[in-house]
2 protein chains.
Amino acid sequence: MQRVTIADVARHAGVSTATVSRALSGGRKVSSDVAERVREAARELGYEVNPIARALRVSRTDTVGMVVPSIRNPFFTALVESVEHALGADGKELLLCDAQSDPATEAKRLDALVTRNVDGIIVSPCHGTDSTPAVQRTAERLPLVQLDRFVGGTSTDWVGVDDIAAMRAVVEHVRDGGARSAAYLGARLTNSSSELRHAGFLRHADEIGVETGPQWTLLGDYSVEWGERAVGLLADSGRLPDALVCADDLIALGAVRACRTRGITVPDRIQVTGFDNIEFTRLAEPPLTTVDQPTRRIADEAVRLLGDAAGGPAARDAAHVALVPKLVVRDSTRTG
Amino acid sequence: MQRVTIADVARHAGVSTATVSRALSGGRKVSSDVAERVREAARELGYEVNPIARALRVSRTDTVGMVVPSIRNPFFTALVESVEHALGADGKELLLCDAQSDPATEAKRLDALVTRNVDGIIVSPCHGTDSTPAVQRTAERLPLVQLDRFVGGTSTDWVGVDDIAAMRAVVEHVRDGGARSAAYLGARLTNSSSELRHAGFLRHADEIGVETGPQWTLLGDYSVEWGERAVGLLADSGRLPDALVCADDLIALGAVRACRTRGITVPDRIQVTGFDNIEFTRLAEPPLTTVDQPTRRIADEAVRLLGDAAGGPAARDAAHVALVPKLVVRDSTRTG
DNA sequence: AATTCACGGGCAATCGATTACACCGACGTC
DNA sequence: GACGTCGGTGTAATCGATTGCCCGTGAATT
C-alpha cells in the first residue's frame, strides 16, 4: 500500500536518488547502462513520480484551471470537452469550475485556482465589467487566456470567433432569403459577445438595408425561456418582422418553439437563426440555421497560447485570436 | 510576486512557524493573544497556505476526481454540475476527466487521478465488464463511489436510481395510456443501467400483459442517431407497437423526430418515453414524457459517501444507494 | 514544600522530488 | 609530467507546511 518513492528505486538500482531523477526525467546525461538499470528498477517496483512532491519543488502542477459561466449551457460543455481533450494530449489535467453566472463566485474560483498553483487558467468571464477585477489580478499572477468572451479593461490572450463577421453572414443570409426586416433576440449587453453580436447585427442590417428598430431589439438572457417570452412580446406588439436573429441557440430554440405554438410558420412566415451550433439545433422543428463555433480549434489555440505564456509572464504582447465561424444553413431560414 | 510563506508570517508575528501553523489550522491550542497576532500578521502579508506543500505533508489534496463516459451527454453534464456544486460547499475542487466512452481511456484517467493523490473518485464507468479491472484496482487504493452505472465483480459504494422501478412506472404509464404492446429502444447491454432498464422493461411489461418481442427490442447506443435509425427499422419491419420505451432521452428524441418525419403521430399512433429528463426533452415536439433523475441528490449522496470513506478504506460495507426516480409526464404519452 | 501536570511554544524531522555544487577519474594538451 | 576539462555521479539543500517531541512556566495536588 505504501507508495514507492524515488529512494526505493535508488536503493534497488544501487545508485543515488539524484541519478534516478536524472535517469527518469532526463535533466542531465546519465550513462546508458545506469539509465537502463534505473528504468528497470523503476519498472519492477512500479514506481511513479509523486506529482505533489514534484510540484512543490518545481512549482509546476501540469494542471490547468478552467472557469465557465455555466456548464449547463451546451456551448460551454462543448468547449470544456474540447479543452479537456486538448490538455489530455499534453498530459495535463483539467480543474473545472462553474461560476454559476455569478461574478462573485467566479472571482472566488479564480482565486482558488491561483492558490492551487495551476499552470494556467482558461476562463470565459461571465460579465463584461464585473468580472474585470478578478480576471485582471489573476492574469497578473498566471498565464491566462480568455475564451469566447472577454472583459473590458484588461489585455490578456483571447480566443474566440469574430462575432461581427458572423453576424454579417447571418444578416446577409436572411436577406438573401427574402427578409426585409429583422428583430434581434439577444442577451443583456453585459459581456463582450452579447455586445459584439448585437453591434454586428445592427451595423450590417443597416448597411444592407434590412429594417430593424428599437421595438425589435429584445434583450434578456441566454435561455430557452427568454426566447419563448421574447416571441410572445413581439407577437403581442403588432407588426412582426421577417426574421428573428438570435444571439444564441438556446434563445433560438425557444423562439422557434414559441412560433410553432402561436402558429407562426418557420421559415415561411418568419426566418429564425441561432448562434453556437449546439447539438440540439439539429433536433428542433425545423432544424435551426446557426453559426458554428469551432470549439475544437478554439480549445487547441487556447491551450497552445497557455503553453507559450508559460515561459515568461507577459513576455510578449497579448494575442487576440478571432477565428472565422461558419454559417450552418438548415431549415429555419429560406434559401435561394 | 514571491509568495508569502509561513516563515514570513512567523517572522512578522515574532513566533515560530509551528505556532503559525497551529494558530491558523488550529491543530493544537494557542493562547488567544498570540493567535490574534498571527492572524493579524497573516492578513497584513496576505498569506495563504500553499496547498501543494500541505498536500505533500498530510497527503490530502482536497480534490476529488470525476470520470464520466462523455460529458457531451447532457445527463452527465447535469451530474458533473451537481457534483461540482456539492464539492464547492465543502471547499473541495473537482478534477474532471472524460473517458470518451472508452474503457482504455477511462483506465488511464483513473490511474492519473490516483497518481495525483485525489482524496476520492467519483466514476460512472463506461462499460459493465471492461471497466471492471480499472475500477477495481482504483477502489483498492482510494475511496471511490460509482454513479448511475456500476461495474460487475466489485463492491464499492454506488449511488443511482432504481432503474427497475423506474421502468415499471414507465410501462404502467403507457399501458394506462392504452398501449397493449411496446418496443424497447435501448443501448447494447454493456453497462448496468442498460441491463437493468432493459430487464425492468421486459419483466414488468410481461407482468402487466403488455406485448413485447425480440423483433421489438432494438439495442444500439445512447444517441439521437440510433433513436432515428431504430424507428426506421421498426417501421420497415411491418407491425408497429403502441409504444416506444427508450433507454434514454437522446434515443427518445431521435425516435420522436423519426416518427414525425414518417408521419407517425406521437402520442396518438404511438407513445414515446425517455429516461433522464435532460433539459431538451421539454423542447421536443411533442415534449417528452420521461423519468427524472435527481442529479442533485445523487451528487450530494456521492459526496457524502466519499467523505465517510475518507476515514478508513473499506472500513465499512459498501453502500448502495438507489434513489427512486419520478415519472415526468408530458405530451409524448396519452393520459387517462 | 515537593511533585505533578497542563499548557503554550519552539526545534527539527518529515513528506518526495529536483538540482546546485562538489567530486572523481579519464583524457588531452603543452 | 602537471594541469585543465569534461562527463558522470553523489551529497545535501531546497520547496512550504505539519507535527512529534521536548522544555519551561505556573498552577494544582498531596
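Just so it is clear: chains get the letters A, B, ... in the order the sequence lines come, proteins before strands, and each one is counted from 1. Predicted, not measured: the structure shown is a model, and the values here were computed from it.
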*Asks:* Of all the nucleotides listed (C/dG8, C/dG9, C/dA17), which has the minimum atom distance to the side chain of A/Ile6?
*Replies:*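 From the listed options, C/dA17 comes nearest.
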*Asks:* Indicate, with a heavy-atom threshold strictly under 4.0 Å, whether B/Val20 touches base, sugar-phosphate, or nothing.
*Replies:*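 Answer is nothing: B/Val20 stays at 4.0 Å or more from every strand.
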*Asks:* For B/Ala53 and for B/Gly14, locate the closest nucleotide of DNA chain C by heavy-atom distance; then report the residue assigned to the nucleotide nearer the 5' terminus.
*Replies:*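 Closer to the 5' end of DNA chain C: B/Gly14.
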*Asks:* Does A/Ser16 put a side-chain nitrogen or oxygen below 4.0 Å from OP1 or OP2 of D/dT11?
*Replies:*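 Answer is no, no contact under 4.0 Å.
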*Asks:* Atom CZ of A/Arg3 and atom C1' of C/dA17: how far apart are they, to the nearest Å?
*Replies:*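 Computing the A/Arg3:CZ to C/dA17:C1' distance gives 11 Å.
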*Asks:* One thing to verify: whether B/Asp111 and B/Arg137 come together as a salt bridge, which I'm taking to mean a side-chain N less than 4.0 angstrom from a carboxylate O.
*Replies:*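 Counted as a salt bridge, because a side-chain N and a carboxylate O are separated by less than 4.0 Å.
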*Asks:* When the distance from CZ of A/Arg54 to P of D/dT14 is rounded to whole Å, what number comes out?
*Replies:*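 Roughly 21 Å, once rounded to whole Å.
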*Asks:* Below the 4.0 Å mark, does D/dT9 have OP1 or OP2 next to a side-chain nitrogen or oxygen of A/Ser31?
*Replies:*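 Affirmative; the distance criterion is met.
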*Asks:* Return the value, rounded to whole Å, for the distance between atom NZ of B/Lys29 and atom C1' of D/dT19.
*Replies:*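 Atom NZ in B/Lys29 sits about 18 Å away from atom C1' in D/dT19.
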*Asks:* Would you call B/Glu48 and B/Arg3 a salt bridge, using N to O less than 4.0 angstrom?
*Replies:*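 No, no charged N to carboxylate O under 4.0 Å.
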*Asks:* Counting side-chain heavy atoms from CB outward, which of C/dC11, D/dG10, C/dG9 is closest to A/Ala18?
*Replies:*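 In terms of side-chain proximity for A/Ala18, the closest of C/dC11, D/dG10, C/dG9 is D/dG10.
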*Asks:* I want to confirm an ordering. Mapping B/Leu56 and B/Val15 to their closest nucleotides on DNA chain C, which one lands closer to the 5' end?
*Replies:*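 Nearest-nucleotide comparison on DNA chain C picks B/Val15.
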*Asks:* Is the distance from OP1 or OP2 of C/dG16 to the nearest side-chain N or O of A/Thr5 less than 4.0 Å?
*Replies:*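 Checking A/Thr5 against C/dG16: no side-chain N or O falls below 4.0 Å of OP1 or OP2.
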*Asks:* Rounded off to whole Å, could you give me the CG-to-C1' distance for the A/Asp8 and C/dC15 pair?
*Replies:*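 Distance, rounded to whole Å: 13 Å.
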*Asks:* Given D/dC15, is OP1 or OP2 found less than 4.0 Å from the side-chain N or O atoms of A/Ser59?
*Replies:*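 No, no such contact exists.
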*Asks:* Between C/dA17 atom C1' and B/Asn117 atom CG, what is the distance in whole Å?
*Replies:*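 My rounded result for the distance is 13 Å.
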*Asks:* Any side-chain N or O of B/Tyr47 below 4.0 angstrom from OP1/OP2 of D/dA17?
*Replies:*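 Indeed, a polar side-chain atom of B/Tyr47 lies that close.
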*Asks:* From CZ of B/Arg60 over to P of C/dC15, roughly how many Å is that when rounded to an integer?
*Replies:*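 Rounded to the whole Å, the gap is 18 Å.
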*Asks:* Is a side-chain donor or acceptor of A/Arg296 paired with a backbone partner of A/Ser82 at a separation under 3.5 angstrom?
*Replies:*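 Checked: no pair found.
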*Asks:* Rounded to whole Å, please give me the gap between CG in B/Asp33 and C1' in C/dG9.
*Replies:*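 It is 12 Å, rounded to the nearest whole Å.
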*Asks:* Whole-Å distance between C/dG10 C1' and B/Arg22 CZ?
*Replies:*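 In whole Å, C/dG10 C1' and B/Arg22 CZ are 8 Å from each other.
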*Asks:* Do A/Asp300 and A/Arg297 sit within salt-bridge range, that is, some charged N less than 4.0 Å from a carboxylate O?
*Replies:*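 Not counted as a salt bridge, because no side-chain N and carboxylate O are separated by less than 4.0 Å.
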*Asks:* With ring pair (Phe, Tyr, Trp, His ring centres under 6.0 Å) as the rule and sequence neighbours excluded, what pairs involving residues 108-158 of chain A come up?
*Replies:*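 Every pair satisfying ring pair (Phe, Tyr, Trp, His ring centres under 6.0 Å) with a residue in residues 108-158 of chain A: A/Phe150-A/Trp158.
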